Amino acid sequence: MPNPVDKIKPAVRAIKAYTLPPYRASIKINQNENPWDLPDEIKEEASRRLAHRHWSRYPDFVPTSLLERLAAFAGWKPEGTLAGNGSNELIQATLMVCIGPGSRVLLSEPTFTLYRQIVTVMGGETVAVSLTPDFQFDFEAIRRRINGERIDLIIFCSPNNPTGSSARADQIRQLGQEFDGLIVIDEAYHEFSDQSMVSLLNELPNLIVLRTFSKAMAMAGLRVGYLLSSPDLVREVHKGTLPYNLNFFSQTVAEVACERYELLEASVDAIKAERTRLYGELTTIKGVEVVPSTANFMLLRTPVAPRLLFEDLLARDILVRDVSSYPMLSEYIRVSVGLPNENDQLIAALAEVIQSRTTAGV
């Protein structure tokens, strides 16, 4: 009998699924989450509204109320706004309606690995442009590639995961004016960088901006994302989403979070302050090199091999991200900014592990 797996695309069989091993630790700084929970006031108001909903009914087919609040929150227009089950769904929907066999997508690597996976599953081809040695976007190299060969779409993660580097608005503006394909900016961490490309949407009809509620908005468990672009592009991307893709529980909490964002600003400011403190403290540990970041995480290089460092920290109940399999990052781990006491424990544990390993010559 033929193997049914043979019916799967060869390019799909050749790649690994995007996954995360189920490690557990008391200090969880491996997924770039907001370490402060959603404020009780937002939870309570959302619960009050949900108590009056008929849970046996579908959510609105077009979540007009949410789209209006998202647009007002972002400074854009409702008809140019699309909500999704996390920004990952909207990345997938965007690529689904654009990418097929023969399509070519340019990525600045290292970056979020899901982009390459989805392009591959859709039958497209990825073109990689390396970041500069200090992990910045190499716009000159990107410009050479788009001028020398056919590129259909460019994806930037800004701030970039896992490096924390950001593109500037003037760089994206110039590129958008020169490039005749689509430019997708994944702004999952924009709140920590104090910059956004939304202001360019009126100037660049080929620009798509993606955002999420999973990071600064402290709603990773509810899976809410949104897309901002020209109404014409939004109508097309919408065709790649499933009906009722966002449940009304998540919709309701997202609406309240937009209305009461001032309750979340304190945690965003605290994360920025802790990022600065953590960076400074880590740089005082002998042998530790820290990559400056505009996000809520940072890369570290130490004298200890990343896998050994990961395991030693996990043994101390601290879970970090081993990113050594990424291009350019064979000697690095990534740590999210945690609560102040969590950051203190990370600093102490790193110093202890490095001292122990280097003394032992491992």
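A quick note: this is a predicted structure, and the numbers were derived from the prediction, not measured.
Between the side chain of Asn85 and the main chain of Leu246, no donor-acceptor pair closer than 3.5 Å is present. A donor-acceptor pair is defined here as one N or O able to donate and one able to accept, closer than 3.5 Å; no such pair exists between the side chain of Asn245 and the backbone of Thr241. Side-chain atoms of Asp317 come within 3.5 Å of backbone N or O of Ser26 as a donor-acceptor pair. At distances below 3.5 Å, at least one donor-acceptor pair connects side-chain atoms of Glu342 with backbone N or O atoms of Leu339. Here the side chain of Asn160 pairs no donor or acceptor atom with the backbone of Thr111 at under 3.5 angstrom. Between the Ser158 side chain and the Ala167 main chain, a donor and an acceptor come within less than 3.5 Å of each other. Panel note: side chain Thr132, backbone Gln136; a donor-acceptor pair is recorded below 3.5 Å.
Hydrophobic clustering places Met219 together with Val337 (ILVMFWY residues linked when any side-chain heavy atoms are closer than 4.5 Å, directly or through intermediates). Note on Tyr326: it does not cluster hydrophobically with Ile155, by side-chain heavy-atom contacts below 4.5 Å among ILVMFWY residues. Linking Ile, Leu, Val, Met, Phe, Trp and Tyr whenever their side-chain heavy atoms come within less than 4.5 Å puts Ile185 and Phe139 in one cluster. Criterion: ILVMFWY side-chain heavy atoms under 4.5 Å apart, direct or through other members. Under it, Tyr189 and Leu329 are part of a common hydrophobic cluster. Follow the hydrophobic side-chain contacts under 4.5 Å out from Ile91 and you never reach Ile151; the two are in separate clusters.
Atom CZ of Arg13 has more than 12 heavy atoms from other residues, nucleotides or ligands within 6.0 Å. Heavy atoms from other residues, nucleotides or ligands lying under 6.0 Å from OH of Tyr261 number more than 12.
With Phe192 as the aromatic partner, Arg275 does not meet the cation-pi criteria of under 6.0 angstrom to the ring centre and within 45 degrees of the ring axis.
In this structure, Phe213 and Tyr226 have perpendicular ring planes: the angle between them is above 60°, well past the 30° mark.
For residues 240-252, no residue pair satisfies the salt bridge (Lys or Arg N to Asp or Glu O under 4.0 Å) rule, not counting sequence neighbours. Listed by first then second residue, pairs satisfying salt bridge (Lys or Arg N to Asp or Glu O under 4.0 Å) with a partner in residues 147-172 read Arg104-Glu149, Arg145-Glu149, Arg150-Asp152, Arg168-Asp170, not counting sequence neighbours. Applying the salt bridge (Lys or Arg N to Asp or Glu O under 4.0 Å) test to every pair with at least one member in residues 193-205, sequence neighbours left out, gives these pairs: Arg173-Glu203, Asp194-Lys272.
With a 4.5 Å cut-off on side-chain heavy atoms, Leu201 and Lys77 do not count as touching. Residues Ile347 and Leu278 form a side-chain contact, since some pair of their non-hydrogen atoms from C-beta on lies under 4.5 Å apart.
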Exercise answer: donor-acceptor pairs, residues 285-304 side-chain atoms, under 3.5 Å, sequence neighbours excluded:
{"residue": "Glu289", "atom": "OE1", "partner": "Arg301", "partner atom": "NE", "Å": "3.3"}
{"residue": "Glu289", "atom": "OE1", "partner": "Arg301", "partner atom": "NH2", "Å": "2.6"}
{"residue": "Ser293", "atom": "OG", "partner": "Ala295", "partner atom": "N", "Å": "3.0"}
{"residue": "Ser293", "atom": "OG", "partner": "Phe297", "partner atom": "O", "Å": "2.5"}
{"residue": "Thr294", "atom": "OG1", "partner": "Gly164", "partner atom": "O", "Å": "2.7"}
{"residue": "Thr294", "atom": "OG1", "partner": "Ser166", "partner atom": "OG", "Å": "2.6"}
{"residue": "Asn296", "atom": "ND2", "partner": "Asn32", "partner atom": "O", "Å": "2.9"}
{"residue": "Arg301", "atom": "NH1", "partner": "Glu331", "partner atom": "OE1", "Å": "3.0"}
{"residue": "Thr302", "atom": "OG1", "partner": "Val304", "partner atom": "N", "Å": "3.0"}
{"residue": "Thr302", "atom": "OG1", "partner": "Val304", "partner atom": "O", "Å": "3.2"}

Got a list of side-chain donor-acceptor pairs under 3.5 Å for residues 61-70, not counting sequence neighbours?
{"residue": "Thr64", "atom": "OG1", "partner": "Val62", "partner atom": "O", "Å": "3.4"}
{"residue": "Ser65", "atom": "OG", "partner": "Arg69", "partner atom": "NH1", "Å": "2.4"}
{"residue": "Ser65", "atom": "OG", "partner": "Glu255", "partner atom": "OE1", "Å": "3.2"}
{"residue": "Ser65", "atom": "OG", "partner": "Glu255", "partner atom": "OE2", "Å": "3.3"}
{"residue": "Arg69", "atom": "NE", "partner": "Glu259", "partner atom": "OE2", "Å": "2.5"}
{"residue": "Arg69", "atom": "NH1", "partner": "Ser65", "partner atom": "O", "Å": "3.2"}
{"residue": "Arg69", "atom": "NH2", "partner": "Glu259", "partner atom": "OE2", "Å": "3.3"}

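Checking each of His190, Glu191, Arg211 against Ser196 for a side chain to side chain donor-acceptor pair (under 3.5 Å) leaves exactly one that passes, namely Arg211.
At a cut-off of 3.5 Å, with distance as the only test, no side-chain donor of Ser336 or Glu33 sits close to an acceptor on the other residue. In the model, Asp186 has a side-chain atom that pairs as donor or acceptor with a side-chain atom of Tyr115 under 3.5 Å. For the 3.5 Å distance criterion, the side chains of Arg49 and Thr252 fail to qualify, holding no donor opposite an acceptor. Under 3.5 Å, the side chains of Asn30 and Arg334 contain no donor-acceptor pair of N or O atoms. Of the N and O atoms on the side chains of Asp232 and Ser230, not one donor lies less than 3.5 Å from an acceptor on the other residue.
Between Arg260 and Glu262, at least one side-chain N (NZ, or NE/NH1/NH2) sits under 4.0 Å from a carboxylate O, which counts as a salt bridge.
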Starting from the C-alpha separation in whole Å, work towards a yes-or-no answer on side chain to side chain donor-acceptor pair (under 3.5 Å) for Ser324 and Arg307.
CA-CA 8 Å; Ser324 59; Arg307 194 63 201 173; over 6 Å; no
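Here Tyr332 and Phe135 bring their ring centres to under 6.0 angstrom of each other.
For Ser165, the side-chain hydrogen bond (donor to acceptor under 3.5 Å, both in side chains) partners are Thr163, not counting sequence neighbours.
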